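Notes to accompany the following structure.
Please read all numbers here as calculations on a predicted model, not as lab measurements. Side-chain atoms are counted along with the backbone in the values below, which use heavy atoms only and exclude waters and symmetry mates.
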Amino acid sequence: MNPADLPPQLHLDGALRGDALLAAVRQIAQGPLAAQVEAIDRTGYYPCAELQQLAAVGAMSAHLDSTAGPADYGLAIRAMAEASRVCGATGFMMWCQAVCGLYLQQSGNPTLMGDVLQRHASGAGMGGTALSNPMKSYAQIESLLLKATPVEGGYLVNGTLPWVSNLGPDHYCGAIAAVVEADGAASQREVMFLLRCDAPGVEMRECPSFSAMEGTGTYALRLKDHFIGTADTMADPTRPFIARIRAAFVMLQCGMAVGITQGAIDSMWAVEAQLGHVNQFLEDRPDALQAELDALTARVMQLAQTPFDTSTDFFIDVLDARAHGAELCLRAAQSALMHQGARGYLMSSDVQRRVRESHFVAIVTPAIKHLRKEIARLSTEEMPG
């Protein structure tokens, strides 16, 4: 699908809102997306057309301010959940696209906030986020992999990022590099920039096969003397920018967990008539899981009202909700497999796929262990001496 061919009412400024947007996402998810789920999961089909359909109705721009209305993070999360209920991989790519739009709009760079953002929000431009390594770096889990050396008019960036998703030859992503001086000395600051896959000095490399979600457009990126100038700079220095957007970054991921969990509960109810007489002896029954999911969703919707709250207490709450979502997703997917029995163990089963999707929710940055580490660190800092 070419976004330029879409009816005018489906472009960014006329994107659907509220219940109309969710209904449109549901129709796409249960129609063309559902038809491609197995190919996305196992054979590496990248659902560009389906993602562009979702972008066209506003599913990945609801959290951005536009003439269609103010930013609505709750709506963006619910839209992501509707798609994730059918295909967790697509929900993940929606998150990649959504946070890249967040970077563009919050950059304060007029070049990035103009046509680049407009094309991105409409789906004409597609992109992801290369912030897994930087987020781990800020949590003191690993070191920054990209290095930026100042030169006239900008920086030369070198290094390799092993896993970056929602990419293609004409895609892009937000990335962060540690700034080093010409003599190699660290400068104690970073620069964030828009990294274009087709730019000089950028090489895309295939990744090893995953256990699931093969069609997520995930590549390794190798940068060799890649120049970035002011036109593509998102933040310099970077840390104040990250402090402002970090809660929104993490919060949006809750849409994946909510949707995959709901899909697992759906599959439990699907066999209740036939197997309820024996499934009643299992723990984590669908009604109990649904009540827990509904409470978590309500909590996330409350947090989504103030996505740019920079207080430590608020960020701890966001991290805790994200961790709860990952843990609930694991439990629901596992329980769905127990409820379905042998039919859920078939490789072609939606239940079996969701078990593997739930593992991804638990390990994608920030992983459960990363979340718990940050909660412990921030909680210690907040305690009075």
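- Heavy-atom minimum distance, Leu102 versus Ala248: CD2-CB, 4.0 Å.
- Of the possible polar contacts, none joining the Asn109 side chain to the Met234 backbone as a donor-acceptor pair under 3.5 Å is found.
- When Val157, Ile176, Ile228 are each tested for a side-chain contact (heavy atoms from CB on, under 4.5 Å) with Val191, only one passes: Ile228.
- Linking ILVMFWY side-chain heavy atoms closer than 4.5 Å, directly or via other members, places Leu328 and Val318 in a single hydrophobic cluster.
- In Gln140, the CD atom is not crowded: 12 or fewer heavy atoms of neighbouring residues, nucleotides or ligands sit closer than 6.0 Å.
- Other residues, nucleotides and ligands place no more than 12 heavy atoms under 6.0 Å from the CZ atom of Arg119.
- Taking the six-membered ring where the residue is Trp, Trp95 and Phe249 present perpendicular rings, their angle passing 60° and hence far from 30°.
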Go through the steps to decide whether Phe360 and Phe92 satisfy the test ring-ring contact (aromatic ring centres under 6.0 Å, His included), and finish with yes or no. CA-CA 9 Å; Phe360 181 82; Phe92 169 56; 4.6 Å; yes

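- Side-chain atoms of Glu82 do not come within 3.5 Å of backbone N or O of Leu22 as any donor-acceptor pair.
- Met80 has its side chain out of reach of Cys254: every pair of non-hydrogen atoms, C-beta onward, lies at least 4.5 Å apart.
- Looking at Ser267, its side chain never comes within 3.5 Å of a backbone N or O of Ala336 through a donor-acceptor pair.
- Within the 4.5 Å cutoff, side-chain heavy atoms of Leu167 are placed close to those of Met204.
- Annotation: cation-pi geometry not satisfied between Arg244 and Phe308 (NZ/CZ under 6.0 angstrom from ring centroid, within 45° of ring axis).
- Nearest approach of Met94 to Ala79, heavy atoms of both residues: CE-O, 3.9 Å.
- With a 4.5 Å cut-off on side-chain heavy atoms, Glu190 and Pro237 do not count as touching.
- In this structure, Gln340 contributes its side chain and Ser349 its backbone to no donor-acceptor pair below 3.5 Å.
- Leu223 and Met192 fall into different hydrophobic clusters, where Ile, Leu, Val, Met, Phe, Trp and Tyr residues are linked whenever their side-chain heavy atoms come under 4.5 Å apart, directly or through other members.
- Across every non-hydrogen atom of Ala178 and Leu144, the tightest pair is CB-CD1, 3.7 Å.
- Salt-bridge annotation for Asp170 and Arg196: absent, with no side-chain N of the basic residue lying under 4.0 Å from a carboxylate O of the acidic one.
- Proximity of a side-chain donor or acceptor of His339 to a complementary backbone N or O of Ser335 within less than 3.5 Å is detected.
- Remark: the Gln105 side chain and the His63 side chain contain no N/O donor-acceptor pair separated by less than 3.5 Å.
- Around atom CD of Glu283, no more than 12 heavy atoms belonging to other residues, nucleotides or ligands sit under 6.0 Å away.
- Under the 4.5 Å side-chain heavy-atom criterion for ILVMFWY residues, a single connected hydrophobic cluster contains both Leu252 and Val364.
- Under a 3.5 Å cut-off, the side chain of Gln334 and the backbone N or O of Arg331 do not form any donor-acceptor pair.
- Proximity of Val250 to Arg246: side-chain heavy atoms (C-beta onward) are nowhere separated by under 4.5 Å.
- Closest heavy-atom contact between Ala304 and Tyr73: O-CB, 3.7 Å.
- For the atom pair OG1 (Thr90) and CD (Gln36), the distance works out to 9.5 Å, reported to the nearest 0.5 Å.
- Between Arg353 and Glu357, at least one side-chain N (NZ, or NE/NH1/NH2) sits under 4.0 Å from a carboxylate O, which counts as a salt bridge.
- Connection of Met93 to Val164 is not established within any shared hydrophobic cluster, with ILVMFWY side chains joined at heavy-atom distances below 4.5 Å, either directly or through further cluster members.
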CA sep, side-chain torsions, deciding dist, call: Thr216, Asn166, side-chain contact (heavy atoms from CB on, under 4.5 Å): CA-CA 6 Å; Thr216 54; Asn166 200 39; over 6 Å; no

side-chain contact (heavy atoms from CB on, under 4.5 Å) assessment of Asp236 paired with Thr230: CA-CA 10 Å; Asp236 187 5; Thr230 56; over 6 Å; no

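- Atom OG of Ser61 sits about 9.0 Å away from atom NE2 of His120, to the nearest 0.5 Å.
- No donor-acceptor distance shorter than 3.5 angstrom exists from the side chain of Ser137 to the backbone of Asn133, with no hydrogens or angles considered.
- Side-chain atoms of Leu275 and Arg343, non-hydrogen and from C-beta on, do get closer than 4.5 Å to each other.
- Atom CD of Glu203 is surrounded by more than 12 heavy atoms from other residues, nucleotides or ligands within 6.0 Å.
- Leu156 and Val202 end up in different hydrophobic clusters when Ile, Leu, Val, Met, Phe, Trp and Tyr side chains are linked at under 4.5 Å.
- Ring pair His171/Tyr46: centre-to-centre distance below 6.0 Å.
- Across every non-hydrogen atom of Leu75 and Asp72, the tightest pair is N-OD1, 2.9 Å.
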The test is side-chain contact (heavy atoms from CB on, under 4.5 Å); show your working for Phe314 and Leu303 and say whether it passes. CA-CA 8 Å; Phe314 180 78; Leu303 294 170; 3.6 Å; yes

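- For Arg322 and Glu374, the salt-bridge test fails: no basic side-chain N is under 4.0 Å from an acidic carboxylate O.
- Among the candidates Leu112, Leu117, Leu131, the single residue satisfying the side-chain contact (heavy atoms from CB on, under 4.5 Å) test with Tyr103 is Leu131.
- Of the N and O atoms on the side chains of Asp313 and Ser311, not one donor lies less than 3.5 Å from an acceptor on the other residue.
- Thr261 has its side chain within reach of Ile265: a pair of non-hydrogen atoms, C-beta onward, lies under 4.5 Å apart.
- For Gln97 (side chain) and Gly127 (main-chain N/O), a donor-acceptor pair under 3.5 Å exists by modelled atom type.
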Walk me through whether Asp320 and Arg299 qualify under salt bridge (charged side-chain N to carboxylate O under 4.0 Å, His left out). CA-CA 11 Å; Asp320 186 65; Arg299 180 185 178 193; 2.7 Å; yes

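- Within the 4.5 Å cutoff, side-chain heavy atoms of His359 are placed close to those of Leu330.
- Contact detail for Ala177 and Ala148: the closest heavy-atom pair is CB-CB, 3.8 Å.
- Side chain of Asn158 to backbone of Lys147: no donor-acceptor contact under 3.5 angstrom is found.
- Taken to the nearest 0.5 Å, the NZ atom of Lys373 stands 12.5 Å off from the NZ atom of Lys136.
- Residues His226 and Tyr155 keep their aromatic ring centres 6.0 Å or farther apart.
- Shown are His277, Arg285, Gln280; of these, the side chain to side chain donor-acceptor pair (under 3.5 Å) with Glu272 is made only by Arg285.
- Judged by distance alone, the side chain of Glu214 and the main-chain N or O of Phe210 form a donor-acceptor pair under 3.5 Å.
- Inter-residue side-chain proximity for Val86 and Gln30 is flagged as met; some heavy-atom pair is nearer than 4.5 Å.
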Using the rule given for side-chain contact (heavy atoms from CB on, under 4.5 Å), can you reason through Thr129 versus Cys100, listing the C-alpha separation, both sets of side-chain angles and the distance that settles it, and then say yes or no? CA-CA 6 Å; Thr129 170; Cys100 189; 5.7 Å; no

